[in-house]
Participant: 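Okay, here's the structure, questions in a sec.
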Amino acid sequence: VFKEKPSYTLFNILPYTYQISKLISISMALHGFIGTQIELKSPADKFYKIFKGQGHLIPNVSSGHIKGIQVHEGDWETHGSVKIWNYHLAYIYILFFLVEYDDENKAATLIGLDGEMFKYYKCIKGIFQFAQKGDVSVANLTIHYEKRNANVEAPDRYVGLMVTLVRDLDAHFAKA
């Protein structure tokens with residue numbers, strides 16, 4: 001599919017509430033992906049459970065950025081359901097996602113269907129994958145994208161949003 005050799009960049013982003021280390025960006029002109037892995041205090045199962053069946057609770061935990069999540073088609077748990085996310089990044093945005101679940105790998109994939117992002121990207125897909133490694137849990141947060149043109153930046157700020165959301169959930173689980 002990709003005809004160019006990807007360029008690999010490792011860097012840190014500081015503008016977000018939580019510093020993202022190990023942020024890796026692989027871009028090939030208009031196509032690419034960007035992601036990070038973060039260590040968590042809470043069990044991986046708790047994160048996957050809230051993404052799969054209790055997404056309506058996320059705005060209660062991460063209300064600074066996630067303003068609402070609603071089911072548009074399907075239900076909270078069904079693979080292929082469409083959900084509407086209202087989120088805040090300088091402005092309030094709405095994005096429609098088709099959601100795919102991978103129970104074996106504890107991964108929720110949000111495939112963008114419509115919303116503000118599509119002014120800049122032809123396609124965008126966010127993946128929240130949670131894994132338990134002994135006493136430590138990790139979240140692998142990745143965005144695959146295709147830009148509309150070469151002047152569009154990689155979606156770094158959305159990875160920052162993903163990190164903030166997962167950190168907010170981790171803090172909430174630690175209190176419970």
Side-chain angles (χ1 to χ4, degrees), residues 16-18 20-24 32-89 92-118 121 123-146 155-176:
Y16 301 108
T17 306
Y18 301 97
I20 302 171
S21 60
K22 299 181 186 175
L23 183 67
I24 298 175
F33 74 87
I34 187 167
T36 191
Q37 182 179 79
I38 57 173
E39 194 171 296
L40 306 167
K41 297 173 186 157
S42 306
D45 288 336
K46 286 188 175 188
F47 292 92
Y48 184 62
K49 182 179 176 183
I50 202 163
F51 272 90
K52 183 165 182 187
Q54 301 171 341
H56 59 284
L57 300 176
I58 291 173
N60 299 334
V61 176
S62 189
S63 60
H65 296 287
I66 308 300
K67 300 303 179 185
I69 302 175
Q70 302 170 328
V71 173
H72 182 67
E73 291 178 13
D75 59 40
W76 288 108
E77 295 186 25
T78 304
H79 181 84
S81 293
V82 176
K83 304 208 173 98
I84 303 169
W85 284 57
N86 296 305
Y87 63 96
H88 181 265
L89 282 174
I92 301 288
Y93 298 109
I94 297 173
L95 188 61
F96 288 75
F97 284 111
L98 174 81
V99 183
E100 296 180 344
Y101 299 109
D102 179 346
D103 294 338
E104 184 177 334
N105 293 306
K106 295 183 186 80
T109 302
L110 285 65
I111 301 168
L113 299 176
D114 192 14
E116 169 269 338
M117 287 181 178
F118 289 94
Y121 304 99
C123 63
I124 194 152
K125 174 172 66 172
I127 303 168
F128 293 84
Q129 193 266 329
F130 305 99
Q132 193 71 39
K133 296 182 178 183
D135 293 340
V136 177
S137 299
V138 294
N140 296 304
L141 310 171
T142 311
I143 296 178
H144 295 258
Y145 61 90
E146 181 180 355
D156 299 353
R157 65 187 181 141
Y158 295 104
V159 175
L161 178 64
M162 293 170 80
V163 168
T164 300
L165 167 60
V166 171
R167 293 271 190 221
D168 288 349
L169 288 170
D170 200 22
H172 173 75
F173 295 147
K175 288 180 196 174

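Everything numeric in this text was worked out from a predicted model, so none of it was measured.
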Participant: Tell me, please, which residues at least two apart from Lys41 pass side-chain contact (heavy atoms from CB on, under 4.5 Å).
Facilitator: Asp170

Participant: At what distance, to the nearest 0.5 angstrom, does CG of Leu57 lie from NE2 of His172?
Facilitator: 7.5 Å

Participant: Return the set of residues passing salt bridge (charged side-chain N to carboxylate O under 4.0 Å, His left out) with Glu146 (not counting sequence neighbours), or none when no residue passes.
Facilitator: Lys122

Participant: With sequence neighbours excluded, what pairs up with Thr109 under the side-chain hydrogen bond (donor to acceptor under 3.5 Å, both in side chains) test?
Facilitator: none

Participant: How long is the straight-line distance from NE2 of His56 back to CD1 of Ile69, given to the nearest 0.5 Å?
Facilitator: 10.0 Å

Participant: Under the side-chain hydrogen bond (donor to acceptor under 3.5 Å, both in side chains) rule, collect the residues that match up with Asp102, sequence neighbours excluded.
Facilitator: Asn105

Participant: For Glu116, check side-chain contact (heavy atoms from CB on, under 4.5 Å) against everything at least two apart and list the hits.
Facilitator: Tyr87, Tyr93, Tyr120, Arg157, Tyr158

Participant: Taking only residues two or more places apart in sequence or in another chain, which ones pass ring pair (Phe, Tyr, Trp, His ring centres under 6.0 Å) with His88?
Facilitator: none

Participant: Once salt bridge (Lys or Arg N to Asp or Glu O under 4.0 Å) is applied, what residue pairs with a partner in residues 103-113 remain, sequence neighbours excluded?
Facilitator: Asp45-Lys106, Lys52-Asp103

Participant: Who pairs with Tyr48 by ring pair (Phe, Tyr, Trp, His ring centres under 6.0 Å), at least two apart in sequence or on another chain?
Facilitator: none

Participant: What is the minimum heavy-atom distance between Ala44 and Ser137, and which atoms define it?
Facilitator: N-OG, 3.1 Å

Participant: Sequence neighbours left out, what pairs pass salt bridge (Lys or Arg N to Asp or Glu O under 4.0 Å) with at least one residue falling in residues 67-81?
Facilitator: none

Participant: Looking at residues at least two apart in the chain, or sitting in another chain, which of them share a ring pair (Phe, Tyr, Trp, His ring centres under 6.0 Å) with His72?
Facilitator: Phe96

Participant: Run the side-chain contact (heavy atoms from CB on, under 4.5 Å) test against His144 and tell me which residues pass, sequence neighbours left out.
Facilitator: Phe33, Lys125, Ile127, Thr142

Participant: Not counting sequence neighbours, which residues clear side-chain contact (heavy atoms from CB on, under 4.5 Å) with Lys175? List them please.
Facilitator: none

Participant: Over all heavy atoms of both residues, which pair between Asp168 and Ser62 is shortest? Give the atoms and the distance, please.
Facilitator: OD2-OG, 2.6 Å

